[in-house]
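What follows is a short report on a single structure.
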Amino acid sequence: MLVQATVMAALATGIAVLARRPDVLVLATPFIVIVAWSLVCRPDTTPTIHVGVAPTALHEGQSCRWHAHVTDASHVDHAVTLLSIPPTMRTAPAHGELMTPVIHGEADVHFDLQSTRWGKRQIGDAMLTFISPWNAFRLGPQEVPGAPVLTTPTGDLFTLAAPAPHPDGLVGLNRSRRQGDGSEFADIRPFRAGDRLRHIHWPVSARTGNLHVRTMYAEQDAEVHLVVDATHEVGVSGGIHGTPSSTDQSVRAAAALARHLLQRGERVGLSAYSSEPLQLPVGLGPRQLRRIIDSLAMIQPRRVQGRREPARPPVRAGSGSLIILLTPLVGRDSVNQALRLSSHGHTIVVVDCLPTNVAVDGADEDPSVRRAWRLRLLERDADLAGLQRLGIPVVAWQGPGTLDQVLRQLSARPRPRAARR
């Protein structure tokens with residue numbers, strides 16, 4: 001703008017002098033005023049920018065605000081902000097561009113961002129450009145860094161009515177096979193030395209003439225390990241309101257299971273096969289839930305190079321633990337992992353987290369990709385049938401009640417033991 005006004009003012013002034021046309025000089029007066037005004041209001045200091053993002057911990061679907069406070073912006077008319085938006089974020093304004101007027105050398109810039117998928121990502125990398133009056137001078141663009149924001153998985157609604165099989169802890173909500181201190185009635189038997197007086201059953205004692213006591217089933221807690229297989233990510237994530245990928249389904253299912261099991265008093269641990277293998281020992285209570293949810297948000301699908309998959313670290317679980325393997329079961333190594341865990345004496349349940357009607361990259365354009373995916377699904381069906389023949393239950397993730405039937409069947413079985421062959 002300054003160059004255009006200068007050229008027009010010089011050209012009109014030259015014509016007015018050479019042609020002796022005062023009227024042309026009158027027409028050039030606005031351009032002369034603009035040039036003079038722009039030179040007087042030329043910015044002479046670099047503005048100071050203070051950037052912040054709050055809050056930095058979100059759940060899927062929640063929003064945060066990116067805020068920039070500009071000071072020392074003397075002789076600046078407005079600031080133009082270009083915000084870098086991650087693919088899993090939605091922002092208002094939608095395109096991440098905003099022009100903000102600068103008043104008395106200060107300005108406040110706001111962007112509201114909604115996180116649509118779990119994970120840790122850098123939010124708020126932006127470029128700010130400052131423009132003087134009449135768009136004469138520009139300062140910048142000046143790059144400002146953002147802040148890391150952690151988005152935790154929400155966890156689908158989940159309920160579990162069946163008890164965990166083979167509990168071995170001291171306290172909990174699961175009914176034990178042995179009698180002890182609990183709330184569920186077991187039997188009435190004659191009084192023995194050491195029985196508590198409050199357990200005496202007076203109606204039977206009065207009728208028989210001998211003291212009888214009530215016995216209860218002991219209540220124990222179980223050790224549950226959640227194993228998330230993020231080696232392969234099948235499908236494209238559509239965020240919390242779109243179609244999930246296999247990793248989305250696995251992570252959200254693990255969050256729902258951890259929340260429900262910890263709330264009812266179980267001991268829960270977490271392992272993950274991802275770009276950085278994760279091992280979280282078992283624990284109890286809200287603190288353990290916070291650790292598991294935060295760890296799930298850090299999972300990144302591992303990119304397999306070549307045909308051979310990398311080795312998977314062993315799951316550190318005690319004998320007789322219940323292991324819930326959440327996997328899309330699209331790799332041979334996932335099946336082998338389930339067999340290894342079962343052979344170590346663990347009670348294992350495989351949760352199939354492959355979404356229905358999942359979209360595969362390139363399947364719409366390339367017929368060979370569609371044929372290859374159909375063949376892989378046939379191999380996958382054969383793997384599922386093989387696991388079930390070996391006594392390893394496989395159940396598709398369906399939210400509430402997914403594990404009720406299979407856990408009741410496992411509770412009726414004897415506890416598996418490791419055998420050396």
* **Any donor-acceptor pair under 3.5 Å from Arg90 side chain to Pro87 backbone** => no
* Asked: Within a strict 4.5 Å, meaning less than it, do heavy atoms of the Leu262 and Ile292 side chains meet?
  -> yes
* Looking just at side-chain N and O atoms, do Ser205 and His212 make a donor-acceptor pair shorter than 3.5 Å? -> no
* Asked: Is the backbone N or O of Thr247 less than 3.5 Å from a side-chain atom of Glu233, with the two atoms forming a donor-acceptor pair by type?
  -> no
* Asked: Once you round to the nearest 0.5 Å, how far does OG1 of Thr56 lie from CD1 of Ile123?
  -> 9.5 Å
* Structure fact -> Residues Phe111 and Thr81: closest non-hydrogen pair is CE1-CG2, 3.8 Å
* In Å, rounded to the nearest 0.5 Å, how long is the span from CE of Met99 to CG of Leu82? -> 12.0 Å
* **Student check: side-chain heavy atoms of Val80 and Glu97 closer than 4.5 Å** => no
* Which distance, rounded to the nearest 0.5 Å, do you find between the OG of Ser334 and the CZ of Arg380? -> 10.0 Å
* Are Asp125 and Ser84 close enough that a side-chain donor and a side-chain acceptor fall under 3.5 Å? -> no
* His241 atom NE2, over 12 foreign heavy atoms within 6.0 Å -> yes
* Check whether any side-chain N or O of Thr151 sits under 3.5 Å from a backbone N or O of Leu58 as a donor-acceptor pair, and report yes or no. => no
* Asked: Are the side chains of Val70 and Gln142 in touch, meaning some heavy atoms are under 4.5 Å apart?
  -> no
* **Minimum-distance pair of heavy atoms, taken over all atoms of Ser274 and Ile299** => CB-CG2, 3.8 Å
* Structure fact -> Looking only at heavy atoms, the pair that brings Val227 and Tyr273 closest together is CG1-CE1, 3.6 Å
* Close side-chain approach of His232 to Ser246, heavy-atom, < 4.5 Å -> no
* **Side-chain touch Leu257/Trp397, heavy atoms, less than 4.5 angstrom** => yes
* Thr154 and Arg259, any side-chain heavy atoms less than 4.5 Å apart -> no
* Spell out, as yes or no, whether a donor-acceptor pair under 3.5 Å connects the side chain of Gln288 to the backbone of Pro281. => yes
* Glu143 atom CD: more than 12 heavy-atom contacts under 6.0 Å -> no
* Asked: Do we see a donor-acceptor contact under 3.5 Å between the side chains of Ser271 and Gln279?
  -> yes
* **For Val76 against Val102, the heavy-atom pair lying closest together** => O-CB, 3.5 Å
* Structure fact -> Rounded to the nearest 0.5 angstrom, the CG-CZ distance for Asp248 and Arg117 is 4.0 Å
* Yes or no on side chain to side chain contact (heavy atoms under 4.5 Å, CB included) for Lys120 and Asp294, after CA distance, side-chain angles and deciding distance? -> CA-CA 10 Å; Lys120 185 177 182 180; Asp294 289 346; over 6 Å; no
* Asked: Hey, does Arg291 have a side-chain heavy atom less than 4.5 Å from the side chain of Leu280?
  -> yes
* Asked: What heavy-atom pair brings Ala107 and Thr100 nearest, and what distance separates the two atoms?
  -> CB-CG2, 4.3 Å
* To the nearest 0.5 Å, what is the distance between OG (Ser115) and CE (Met89)? -> 5.0 Å
* Test item: Arg121 and Val149 side chains (from C-beta on) under 4.5 Å apart, heavy atoms -> no
* Asked: Of all residues at least two apart in sequence or in a different chain, which pass the salt bridge (charged side-chain N to carboxylate O under 4.0 Å, His left out) check with Asp381?
  -> none
* **Qualifying residues under side chain to side chain donor-acceptor pair (under 3.5 Å), relative to Thr48, sequence neighbours excluded** => Asp72
* Shortest non-hydrogen contact from Ala126 to Trp66? -> CB-CZ2, 3.8 Å
* **Test log, rule side chain to side chain contact (heavy atoms under 4.5 Å, CB included), inputs Leu322 and Val349** => CA-CA 8 Å; Leu322 171 61; Val349 177; 4.1 Å; yes
* Can you check side chain to side chain contact (heavy atoms under 4.5 Å, CB included) on Ile131 and Asp77, steps first, answer last? -> CA-CA 6 Å; Ile131 301 176; Asp77 187 62; 5.7 Å; no
* Point-to-point distance, once rounded to the nearest 0.5 Å, from NE2 of His78 to CG of Leu98 -> 11.5 Å
* Asked: Without hydrogens or angle criteria, can the side chains of Thr208 and Asn210 be said to hold a donor-acceptor pair below 3.5 Å?
  -> no
* List the steps, then state whether side chain to side chain contact (heavy atoms under 4.5 Å, CB included) holds for Leu128 with Leu139. => CA-CA 9 Å; Leu128 271 76; Leu139 294 176; over 6 Å; no
